[in-house]
2 protein chains.
Amino acid sequence: MASTPDGYYDIVIIGAGPVGLMLSTCLARWGYKIKHIDNRPEPTATGRADGIQPRSLDLLQNMGLKGAIMAYQPAKVYEVAFWDPPATGDGIVRTGTWASCPSFIDARHPFTTLLHQGMIERVFLGDLEKNGVEVQRPWTITGFKSDENENPEYPVEVNLEHIEGSSRETIRAKYLFGGEGARSFVRQQLEIPVTHKDPIAHVWGVMDGVVKTDFPDIKMKCTVHSHHGSIMIIPREDNMVRLYIQIASSTDPDWHPRKTATAEEVQKTAKKIFEPYSIEWESVAWYSVYPIGQGIAERYTLDHRVFLGGDACHTHSPKAGQGMNTAFLDALNLAWKIHFVEKGFANRDVLKTYEVERKAVAESLLSFDNKYAKLFSERIPQASEVEQASREADESADDNEFVKTFKEGCEFTSGYGVAYGPNVFNWSKEHAASSYLIHPEGVKLRTGHIMINADVTRVADANHIHLENAVPLNGSFRIFVFAGKPSTTKTALRDFARGLEKKSSFFSVYRRSDEAAVSHHEKHNPHSLLYTFSVIFASKRSDVEISRDVPEVLARYRDNIFADDRWDRRVPDAAAAAHAKMGLDQERGGVVVVRPDGYVGVVAKLVEGSGTVDALNEYFGSFSNKSVGALLAQI
Amino acid sequence: MASTPDGYYDIVIIGAGPVGLMLSTCLARWGYKIKHIDNRPEPTATGRADGIQPRSLDLLQNMGLKGAIMAYQPAKVYEVAFWDPPATGDGIVRTGTWASCPSFIDARHPFTTLLHQGMIERVFLGDLEKNGVEVQRPWTITGFKSDENENPEYPVEVNLEHIEGSSRETIRAKYLFGGEGARSFVRQQLEIPVTHKDPIAHVWGVMDGVVKTDFPDIKMKCTVHSHHGSIMIIPREDNMVRLYIQIASSTDPDWHPRKTATAEEVQKTAKKIFEPYSIEWESVAWYSVYPIGQGIAERYTLDHRVFLGGDACHTHSPKAGQGMNTAFLDALNLAWKIHFVEKGFANRDVLKTYEVERKAVAESLLSFDNKYAKLFSERIPQASEVEQASREADESADDNEFVKTFKEGCEFTSGYGVAYGPNVFNWSKEHAASSYLIHPEGVKLRTGHIMINADVTRVADANHIHLENAVPLNGSFRIFVFAGKPSTTKTALRDFARGLEKKSSFFSVYRRSDEAAVSHHEKHNPHSLLYTFSVIFASKRSDVEISRDVPEVLARYRDNIFADDRWDRRVPDAAAAAHAKMGLDQERGGVVVVRPDGYVGVVAKLVEGSGTVDALNEYFGSFSNKSVGALLAQI
């Protein structure tokens, strides 16, 4: 990329909110040349999104950004409390509290992290700076066109302007990304309509501030219903609290979606709702009125050169707490696919999966939100139902509709409910693969879902490692070779390595051209920018000898060779907990291919002979630009 | 302290290594006026100490500094490997690997953290800056005198000078602390002799650098013995490794403690020792020769106004990895005692316990080091012995001498072996207390030892909390009221609160004078700078209602009210794991007093009537300046 001429960029990113920053941060780390602009002179100062879901925190940890987020001492929400009017009389009473990420979800961070969006943006901006990207502010986009015939390499022309009109630039890029929020200029120019799933049915006032109150759950996430109206409470950093206060509802006799209220009016309402508890404001950091309904853009792109993401293509009810998390995953999904196309690996068609995967998620989130709200408006769940819903067992035949919806709700709000349907990347059981090794019996990993977490011990330094986090977000497919017992899989592992080294393998076809110059300290990408290998033995650490047990090509990933010897409470009797959690044979292992964004792509048996690599050749060959594997070479 | 006149300080601290920085950081946080100087123009650039023990990492976490340490991505040592010559033939073979902090030690961080001392210093300097303290560099001390008759409030006069002699200051202070290392000017002026426990018996070369090697355990801590000499390997951040290479030993025929060697000579020796493995240096960051023997200063103070700490009063074999950790605990031990004297709580006599407690620790470390080395030089332990030594059970009748010493070694190297003998602060079973409630049957907490860790749930926000870390290092005694079952202890808890509120109680006698002005957001010191209360119920979180179950004075500590409802693998069958781990009755609870530095002071039963507060009055009254409790008031 060093050779990109002046005025030419790999990508132009409009907007430095969560979606733009995540995209920029990924692509900057992977070496792309970026022009990133934002029309605000500073990062977000107050208000906006503030909820990081459990799954998103995993992602930030995988990016090495969790520490910087936690340094701001955010609030953590482990439980949600429900307050309602009592059966008789005035006031409010607590009717229940539930875990926001119950133990049936196997989460590393079973809580939502609440932190002002501006601080989260600063963490990303700090990372971008390390990679030489500075957001150009306050600049805006005034026009663009995209024509592959005019310039096949840099088909997009973009016009940028300082918001005071004092300066202008016209630049060319391979891609343009519109992440400028709900009123996206890029979306409007593309004339992409937004479908409102749900007409505006509520107007909410949102207030961030510091309060003094004797309400006992002020540090919890709460839904408060009273005869005077409804409030949602979200605790925040620095003793702050966010209150969502319903100003108007479509069921009101005088309903109007443009109805508004002053901060003082809203505070007065809040005081009534909180009775018999008292509440006083020491300070108000931000106040706004949200009449926004939920909508989805019909397209996320027109030509796979100009893309949209985040609020530019889907808006949520603010109280669903989905905005920033959905934005992160939009950006991540697009980032690695652009990377694979630009590295000459994948054919340009894979970019189509961005809209398919992410729009389906946005739609299911929105329709789920409606279903959930409807269910709760009908009746208050019983304690026994909550208890049942929170149990560890994944599925239970006797779950009633409420319990099912509640569980689904927890999965959505934790972020673990995001899952991609079967496609070229996600090979389900039903995939018409010719290899019989794909998707072995008993596997608990689900393609299109996030990899299951597991603790392992690194052989080289005996460090305790979170396997799902062992490989950082480096834009590579993560190939986990669960190698079972070394004595059982010795030949299979050797044959796997031989298969990799064959000239036509998915691995050999995409080896780095600069491989000879790569430092011996390089941990994850010594051979290829597109694959990182890990090997996990069902052994005690001290029984693994890398030089004896691991074929040379895999031994090069010495930081990613693990012993599956850590006890796990979820599989207390398993000798090899990581194998057991994945549903892989503890003797024979299996190979798990995880997409660069952490979602499981395909699982194959580990067998003697060429079968396992043949299966992976088939998988990678299905979206590769070059022909991969012996069979495909004959096509 | 705001009223301290110009040129007058609470304390003058000489030296900004680990001991000086820890002392300065504590006292700055607690509001003292500090003059802190160092004779180096910059923090440590290369070399020196680099090992943070498990217990020290707990301490740094309690200070809120762990995140900043971990942001440097230090190496973590979980296991130690031993390499020796094979039974026959040349070269080296691995003879065993052992956990450096085996599971019989209940540690939150069962690893040693390896990071360059300069980075650790920078973390402290950053914290000091937030509290308005800047280390004055490069300045040195040229003289001092201490005379309480001349000036009872600021008895110490200190002469300071820029190392180039360009500028001078004479200032007065309440205390002077010499933390300037092994060649301490303050110690020399006080004419305190150093006793060498052990004459210099080895000369070691120490080299930090980046290497390329096929030695498989280069990322582990290793002890390598070969026919060509001995090496100790310590992994470091940034792909670095530290090698300690023995240059000379008193058993050599040509032994001389001044023997030295060049970096090239040492590298040549290392290559021979590593055979048949290869080792090449890519870079060398630091090289030094260490002929230092182990010694202890005879006194740590003369008049309890001028103190010494860290290397100024004890030097260790560098390979014991004790230097920085011992320095931290010296400083912490002194800091809170000065705080208690200066706040008018404790009589000045308590300062005597600094030397008593810390010198005993230094002596036991040194004598243990000799014992350990001797045991290992006699024979290589058998695998079964290591296995036995690593088991969870605390003590076992059939432990042989090796296993006992090994366990003791693990406790020392992890930092959990540091324990203080019975004295005014640490009331053992044998203490001649008049209260029969002190040290109830079955208690597993040991006075003078660190508090046992436990997981609990905070009632106010349902956050999962490490109980031992719930109260930050705020200079206060931590009083943990384990309240058992609310239905059982209702009266006892009410009586405890009533006892506190009595005018003569240890609590009432030392309430803050500015209590009325304290913010309602203050979590830990709303009533007093000297005590922080916590209440832990043996209940599920959702069953605790603070307004109903907690008396008002204790309910004010709403952030420190916990439910003991988290499962713990070490007491898998306990309904209330924290109570069980402490050895407290799960119905009736008990009160645990923890010193400001985290060591258990006293444990008492929680009973109905005045007994429990009487017991605490007796404890605190034994070192308080004011008379405390009804009984003492009559003396």
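Within every chain, numbering begins at 1; the chains are lettered A, B, ... in the order of the sequence lines, protein sequences first and strands thereafter.
With sequence neighbours excluded, no residue forms a ring pair (Phe, Tyr, Trp, His ring centres under 6.0 Å) with H520(A).
The number of heavy atoms from other shown groups lying within 6.0 Å of CD (E129(B)) does not exceed 12. Counting non-hydrogen atoms of neighbouring residues, nucleotides and ligands closer than 6.0 angstrom, the CD atom of Q73(B) reaches no more than 12 such neighbours.
Put simply, CZ on R458(B) and NZ on K76(A) are 9.0 Å apart, with the number rounded to the nearest 0.5 Å. Annotation: the span from D461(B) atom CG to D217(A) atom CG amounts to 10.0 Å, rounded to 0.5 Å.
At a 4.5 Å heavy-atom cutoff, R558(B) makes no contact with chain A through either its backbone or its side chain. Contacts between V80(A) and chain B at a heavy-atom distance below 4.5 Å are absent for every atom of the residue.
Residues H464(B) and P110(A) come closest through the heavy atom pair CE1-CG, 4.4 Å.
Within residues 541-552 of chain A, the residues approaching chain B closer than 4.5 Å by heavy atoms are, in numerical order, R541(A), S542(A), E545(A).
With respect to chain A, the highest number of heavy-atom pairs below 4.5 Å among D214(B), T457(B), V211(B) belongs to V211(B). Of the listed residues (N239(A), N463(A), D559(A)), the one with the most heavy-atom contacts under 4.5 Å to chain B is N463(A).
Counting heavy atoms from C-beta on, the side chains of E282(A) and H521(B) come closer than 4.5 Å.
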